[in-house]
Amino acid sequence: MPVPKQKLILFIISLLPLAWMIIGLLTNQLGANPIETLTRDSGLWALRFLCLTLAITPIRWFFDINLVPFRRMLGLYVFFYATLHMLLYLGLDQFFDLSEIIKDIIKRPFITIGFFTYSALIPLAITSNNKMVKRLGGRRWKKLHRLTYFIAIASTVHFYMLVKQDKAEPLLYAVMVSALLFPRLYRFFQRKISQNKVITVSK
Amino acid sequence: MHVIAKKRLGKMPAGEITDHKLYLNRRQFINAATAITTASLLQSSLVRAAETPEPTFTNLVTSNYSTQASPTPFDAVTTYNNFYEFGTDKASPAILATEFPDKTKPWHVTIDGECDKPGQYDYDDLIRPFTLEERIYRFRCVEGWSMVIPWVGFPLADLIKRAQPNSKAKFVQFTTLYDPEQLPGQRRAVLDWPYIEGLRMDEAMNPLTILSVGLYGRELLGQNGAPIRLVVPWKYGFKSIKSIVNIRFVETLPRSAWMKAGPREYGFYSNVNPTVDHPRWSQSRERRIGELLKRKTELFNGYGEHVAHLYTGMDLKKYF
Ligand code: HEM
């Protein structure tokens, strides 16, 4: 199968959660508080796509499977579901009342974190086309996109903080995100150590 | 439900009537705003078709304390529940509590502590002396949503008078059944089981405070706290403890399950108060289940005329 066809399939599959939400809304399957359900579902899907995006590199390292061509789309779906999530909050929780929103961002720590997380997603979404990669240069682009690690940690913290008492589900995501970030950290330090060695030897 | 509401027209105290007008104004505003801002599709799907079963209690006394606001559909009241004894999400209780409480076992309620007439009662014996009323109350959850629920019950004060608390009785403490067999949520230590709640004596004696045994004219379902629960409409919902097995008169302030879980977040009083925020939820507004946009939350959930005097001179920010 040529890559474009696979990409099209992934594109459609990734829209299924949205379709599910819309069908649920139209057929009254979202429970007594549909707005809460939609806010939560969209937030969860943003986080799930984020985990998928972060899984691409470890999968290449450990299983030698190259899914890198799909990463950009997965990342953009993080942005897509996070945008939906944020708009539901702005529109249906706060009715676009700017002063209320600002107060809320300042007052409630989990909203503060959500806000910063979303803000960090914006430059990544903007620089996600080839033109921008070229303009920034591969190195700088790569550096910028390390923001993903911050986003992953911050959105897990956001989730952990908003849950009232039963922290099992956010902890599960925390474990998952840690498992995805740990190999990178390990490699980072290994490289540092080997670099140091090279320097010592050359002296 | 509408039939019951009509019967009471004309008997309403003036305060309730103004309240209703305000409510209508707000309703009109919300409806207009909704029409402008959202697709009609979304709106219509929020109006849930309710199948309300036939009432089984007969001769319920109506009450002047009831609100005229239209009750939240039966369907929503019985499927959207916080009852951690059946799991921490809102849907689990309705799914897991279908057989609760086990009809083959008697339900005992013990009344003890600082009182002259302690005793253990079978559920039927416990409620037999009391006249059951319908009380349509607003119900506000600490999470920022609310409902209007037609409860069936009797004033807690009636029960307290029979138990004859002595002069040491300063508080009433309530305990939910502890039985991980029947209440699977108790197998995980999400809260310090059993669930405990408490009221100050004057709060417990307030005529708004009821013990409820039903809603929508029928016996309580498991997910709503069958067979008997507390309803304190001017406090956040978690004060209205479910499936009670013990009522105890005590001298010192009881520490509730939520106070133990988060002393900074949940106080003993937990009166509905739009000006005292919770770290996770702003309390200034609430989403009435079934409505698209949020409405303003009222101090004491709008029951100030009946309960504000209980707290005169108290700093409600300190005693949250
Ligand atoms: C401006 C930015 C954001 C705001 C204002 C915001 C706000 C919220 C709100 C109000 C909730 C629901 C809380 C509740 O129902 O009790 C929520 C839940 C959630 N949000 Fe956000 N959020 C933001 C950004 C994000 C981002 C960027 C992510 C992930 C990438 C995210 C992931 C989640 C998750 C996973 C949940 C929990 C879903 C659940 O309870 O199952 N949020 N957020």
Side-chain angles (χ1 to χ4, degrees), chain A residues 18 20-41 43-44 84 87-97 99-115 157-172, chain B residues 30 33-34 37-39 41-50 72-82 84 87-92 94 141-147 185 188-191 238 257-258 261-262 265-266 277-282 284-285 287-294:
Chain A
L18 176 70
W20 197 248
M21 288 179 218
I22 293 171
I23 291 168
L25 191 64
L26 298 182
T27 58
N28 253 331
Q29 298 295 307
L30 299 181
N33 195 347
I35 294 159
E36 179 189 67
T37 309
L38 288 175
T39 309
R40 291 189 172 180
D41 283 356
L44 265 183
L84 184 64
L87 286 176
L88 281 165
Y89 164 82
L90 294 184
L92 297 179
D93 240 47
Q94 303 295 349
F95 195 34
F96 298 112
D97 181 337
S99 74
E100 278 290 323
I101 291 166
I102 292 169
K103 259 200 273 176
D104 218 30
I105 290 175
I106 294 169
K107 222 179 201 164
R108 296 200 284 163
F110 95 82
I111 299 283
T112 318
I113 293 176
F115 173 77
V157 173
H158 169 68
F159 191 3
Y160 185 86
M161 288 179 80
L162 70 92
V163 171
K164 186 163 67 165
Q165 193 65 18
D166 185 359
K167 306 283 190 188
E169 203 185 352
L171 279 177
L172 183 77
Chain B
I30 289 168
T34 309
T37 51
T38 45
L41 269 179
L42 182 63
Q43 200 188 4
S44 68
S45 73
L46 284 164
V47 182
R48 299 170 62 85
T72 305
F74 178 81
D75 185 34
V77 175
T78 55
T79 57
Y80 189 77
N81 308 101
N82 273 328
Y84 279 19
T88 51
D89 66 293
K90 307 249 180 345
S92 294
C141 177
V142 72
E143 296 168 355
W145 53 268
S146 64
M147 295 186 179
R188 286 179 55 212
V190 185
L191 288 171
F238 64 86
W258 281 107
E265 297 185 26
Y266 309 96
D277 276 332
H278 183 280
R280 262 181 270 267
W281 306 285
S282 158
S284 62
R285 289 177 302 149
R287 174 168 291 120
R288 178 72 51 87
I289 294 300
E291 291 176 1
L292 183 60
L293 297 176
K294 293 187 165 181

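Proteins come first, then strands; the chains are lettered A, B, ... in the order of their sequence lines, and each starts at number 1.
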Considering all heavy atoms, the nearest B:Ser282-A:Asp104 contact: CB-OD1, 4.1 Å
Qualifying salt bridge (Lys or Arg N to Asp or Glu O under 4.0 Å) pairs with a residue from residues 22-40 of chain A, counting only residues at least two apart or across chains: A:Glu36-A:Arg40
At a heavy-atom separation under 4.5 Å, does B:Asn82 approach chain A through its side chain, its backbone, both, or neither? side chain
Got a second to check how far B:His278's NE2 is from A:Lys164's NZ, nearest 0.5 Å? 7.5 Å
Heavy-atom distances under 4.5 Å only: say whether B:Trp258 touches chain A with side chain, backbone, both or neither. side chain
If you tally heavy-atom pairs under 4.5 Å between each of B:Lys90, B:Glu265, B:Glu143 and chain A, the highest tally belongs to B:Glu143
Verdict with supporting geometry, B:Leu191 and A:Gln165, side chain to side chain contact (heavy atoms under 4.5 Å, CB included): CA-CA 8 Å; B:Leu191 288 171; A:Gln165 193 65 18; 4.0 Å; yes
So for atom OH, which belongs to A:Tyr89, do other residues, nucleotides or ligands contribute more than 12 heavy atoms lying within a distance under 6.0 Å? yes
Among residues at least two apart in sequence or on other chains, which ones pass side-chain hydrogen bond (donor to acceptor under 3.5 Å, both in side chains) with B:Asp89? B:Ser92
OH (B:Tyr80) and CG (A:Asn33) are apart, to the nearest 0.5 Å, by 3.5 Å
B:Trp281 side, atom CH2; A:Leu162 side, atom CG - distance, nearest 0.5 Å: 9.0 Å
Going from CZ on B:Arg280 to CZ on A:Phe110, what distance comes out if it is rounded to the nearest 0.5 angstrom? 8.5 Å
If you round to the nearest 0.5 Å, how far is OG of B:Ser284 from CD of A:Glu100? 5.0 Å
B:Arg287 side chain to A:Leu92 backbone, donor-acceptor under 3.5 Å: yes
Part of A:Asp166 lying under 4.5 Å from any heavy atom of chain B: both
In terms of heavy-atom contacts, B:Arg285 and A:Asp93 come closest through NH2-O, 3.4 Å
Atom CD1 in A:Ile35, atom CG in B:Leu293: separation rounded to 0.5 Å? 7.0 Å
